[in-house]
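Heavy atoms only: backbone and side chains are in, while hydrogens, waters and symmetry mates are out. First the proteins, then the strands, lettered A, B, ... as listed; each starts at 1.
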2 protein chains.
Amino acid sequence: MVKKTKIPEITITRLSNYFRVLDEFKRREFYNIASYQLAEEMDINDSQVRKDLAYFGQFGKPGMGYEMTRLKEEIQKILGLTRKWRVALVGVGNLGSALLAYKGFQGQGFHIIAAFDSDPKKMGKKWAGTVVYDITELKSIIRKERIEIGIITIPAPAAQEVANLLTKAGIKAILNFAPVRIAVPKNVRLSNVDLSLRLENLSFFLSR
Amino acid sequence: MVKKTKIPEITITRLSNYFRVLDEFKRREFYNIASYQLAEEMDINDSQVRKDLAYFGQFGKPGMGYEMTRLKEEIQKILGLTRKWRVALVGVGNLGSALLAYKGFQGQGFHIIAAFDSDPKKMGKKWAGTVVYDITELKSIIRKERIEIGIITIPAPAAQEVANLLTKAGIKAILNFAPVRIAVPKNVRLSNVDLSLRLENLSFFLSR
DNA sequence: AAGAATTTGTGAAATTTTTCACAAAGTCGG
DNA sequence: CCGACTTTGTGAAAAATTTCACAAATTCTT
Ligand SMILES: NC(=O)c1ccc[n+]([C@@H]2O[C@H](COP(=O)([O-])OP(=O)(O)OC[C@H]3O[C@@H](n4cnc5c(N)ncnc54)[C@H](O)[C@@H]3O)[C@@H](O)[C@H]2O)c1
Ligand SMILES: NC(=O)c1ccc[n+]([C@@H]2O[C@H](COP(=O)([O-])OP(=O)(O)OC[C@H]3O[C@@H](n4cnc5c(N)ncnc54)[C@H](O)[C@@H]3O)[C@@H](O)[C@H]2O)c1
């Protein structure tokens, strides 16, 4: 059934969350998990869980639920986490440095292979093991290193320009932290992490 | 019509985005903006824009669109951005330090009043102008300073514990950066910034 | 081996969200 | 002040997503 019906985007987010729940349950040494258990943990309906998984195959056993090891593997396959992803980060400032120092992504297969900055003071140095290159070298290094994902952590006014550089270099997905909406070609996947937006959301609910 | 019908949560996110677009257009010195312009900019349908705004009142003029200054003010009111929000941050590590150094939130009315950490080396010092307190002082300082929003930037295993401290101290909303699902009382608003989840999302779309 | 108990996978129903489409309200040029 | 335009606000229709509900599959108990 894979790729046949249109899969709601939110289903993908939930798959990631099922994965998290499975990790937590695994430590408690269960072998199987039922849809109602996953659902309870995530405050959703149990048939939602079954529908989400059924988009990709039949992983469960009636009467038994889902075998946890198997389900984790299946979700990993679905999300494309069985391979390594080569990532570049542009903008080694406050936020960029924090991301470079973070070891958590590595464990999930996301490897920051190269960093770029336009500040001569930062170029050539290493940050948490990653070399910081001159932004002018972006295209050649991204191609040479076969990097597919780009992270943008530069000030908003320069974000579009850098996004253009990234897409011209052949990057296929961008995670943008600059608080600005950037345009990318249709074949490039863009995901914005807009923290102000999140705070504004909290503000709205506190205000009512 | 305010608060009468149930407002979709995604409408709130779009309101924040309309606000961004208005900022961009403002620099170009227009007085009015039509729903179709906002919609075009955001790649959505123009009646979506009108529906979203109509939840909160009638801000537009037929034939003319929306007066930009007015609309910005209305959205600010709706999102609760006409007042200052007092924020506390827990965990002055890589990510926490970056957030403390960031001046962008200030401009939107979010002021990080106090920071907390459990590491004696960090306590008592200032980070980007914000005092770092001992985590044991959390409750008294949050109450004294009338802080309403908490940001969690500590390792995942300690996140639930700190969330408990925050809610017991009377905080009303939490922005959580730890990659773990935490439980909070129903009257506390929780928003998770899970960067791995975002990367996994990109990975899914790159894999298909 | 049969019967009770579970729980999946999935059509169908219900609900939510988006889009359509148009009357009503306003602008503008003459 | 009229007539041609433009664009809002909103019911109604369409589309998308979630929930219901149950036959079928599997296990468990005796
Ligand atoms: N720091 C935070 O906690 C935080 C929070 C929310 C959003 N953001 C956003 O993330 C982005 C980065 O924030 P920051 O605080 O790390 O900023 P920063 O000023 O500390 O770092 C920006 C870095 O980008 C580099 N840079 C600037 N223009 C460049 C270009 N054209 N090419 C390559 N490198 C370039 C600078 O040299 C600098 O090293 C900003 O858009 C900011 O709004 C940051
Ligand atoms: N650094 C990143 O870019 C990044 C990216 C994604 C997610 N995260 C998540 O954000 C969180 C923070 O990451 P980090 O890289 O800044 O970690 P870090 O280790 O650099 O900082 C954590 C800080 O929290 C403090 N701390 C630990 N336990 C505490 C407690 N019980 N009370 C008060 N303070 C406590 C530590 O002393 C330290 O200063 C983690 O959950 C991490 O998974 C970080």
Name the atoms and distances for all side-chain donor-acceptor pairs under 3.5 Å in residues 140-157 of chain B, with sequence neighbours left out.
residue  : atom : partner  : partner atom : Å
B:Ser140 : OG   : B:Glu137 : O            : 3.1
B:Arg143 : NE   : B:Ala169 : O            : 3.4
B:Arg143 : NH2  : B:Lys168 : O            : 3.1
B:Glu145 : OE1  : B:Arg86  : NH2          : 2.7
B:Glu148 : OE1  : B:Arg83  : NH2          : 2.5
B:Thr153 : OG1  : B:Val90  : O            : 3.1
B:Thr153 : OG1  : B:Gly91  : O            : 2.7

Contacts table for residues 183-190 of chain A: side-chain donor-acceptor under 3.5 angstrom, sequence neighbours left out:
residue  : atom : partner : partner atom : Å
A:Arg189 : NH2  : A:Glu9  : OE1          : 3.4
A:Arg189 : NH2  : A:Glu9  : OE2          : 2.6

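Atom pair B:Tyr36:OH and D:dT7:P shows a separation of 5 Å (rounding to whole Å applied). Atom-to-atom, CG of A:Asp46 to P of D:dT18 comes out at 14 Å; the value is rounded to the nearest Å. The OH atom of B:Tyr55 sits 13 Å away from the C1' atom of D:dG9 (whole-angstrom rounding). Between the P atom of C:dT18 and the CE atom of B:Met42 lies a distance of 11 Å, rounded to the nearest Å. Whole-Å rounding puts the A:Tyr31 OH to D:dC28 C1' distance at 19 Å. The interatomic distance linking A:Leu53 (CG) with C:dG9 (P) rounds to 8 Å, in whole Å. When the P atom of D:dA16 is taken as reference, atom CD of A:Glu9 falls 14 Å away, rounded to whole Å. Rounded to whole Å, the distance from OH on A:Tyr66 to P on D:dT26 is 14 Å.
Here B:Ser35 lies in heavy-atom contact (under 4.0 Å) with sugar-phosphate atoms only.
A salt bridge between A:Asp46 and A:Arg50 is present, with a side-chain N of the basic residue lying under 4.0 Å from a carboxylate O of the acidic one.
In terms of the side-chain hydrogen bond (donor to acceptor under 3.5 Å, both in side chains) criterion, A:Tyr133 has no residue partners (sequence neighbours excluded). In this view, B:Asp119 satisfies the side-chain hydrogen bond (donor to acceptor under 3.5 Å, both in side chains) rule with no residue, not counting sequence neighbours.
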Which atoms of nucleotides 19-26 of chain C (N or O only) lie under 3.5 Å from a protein N or O atom, and what are those distances?
residue : atom : partner : partner atom : Å
C:dT19  : O4   : B:Lys51 : NZ           : 2.9
C:dC20  : OP2  : B:Asn45 : ND2          : 3.0
C:dA21  : N6   : B:Arg50 : NH2          : 3.2

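A distance-only check finds no donor-acceptor pair linking the side chain of A:Gln108 to the backbone of A:Phe105 [under 3.5 Å].
Pairs of residues two or more places apart, or lying in two chains, never qualify as salt bridge (Lys or Arg N to Asp or Glu O under 4.0 Å) while including a residue from residues 55-66 of chain B.
The phosphate of D:dT10 (OP1 or OP2) has a side-chain N or O of B:Gln58 nearer than 4.0 angstrom.
Of the residues near DNA chain D, A:Pro8 and B:Gly65, the one whose nearest nucleotide (by heavy atom distance) lies more toward the 5' end is B:Gly65.
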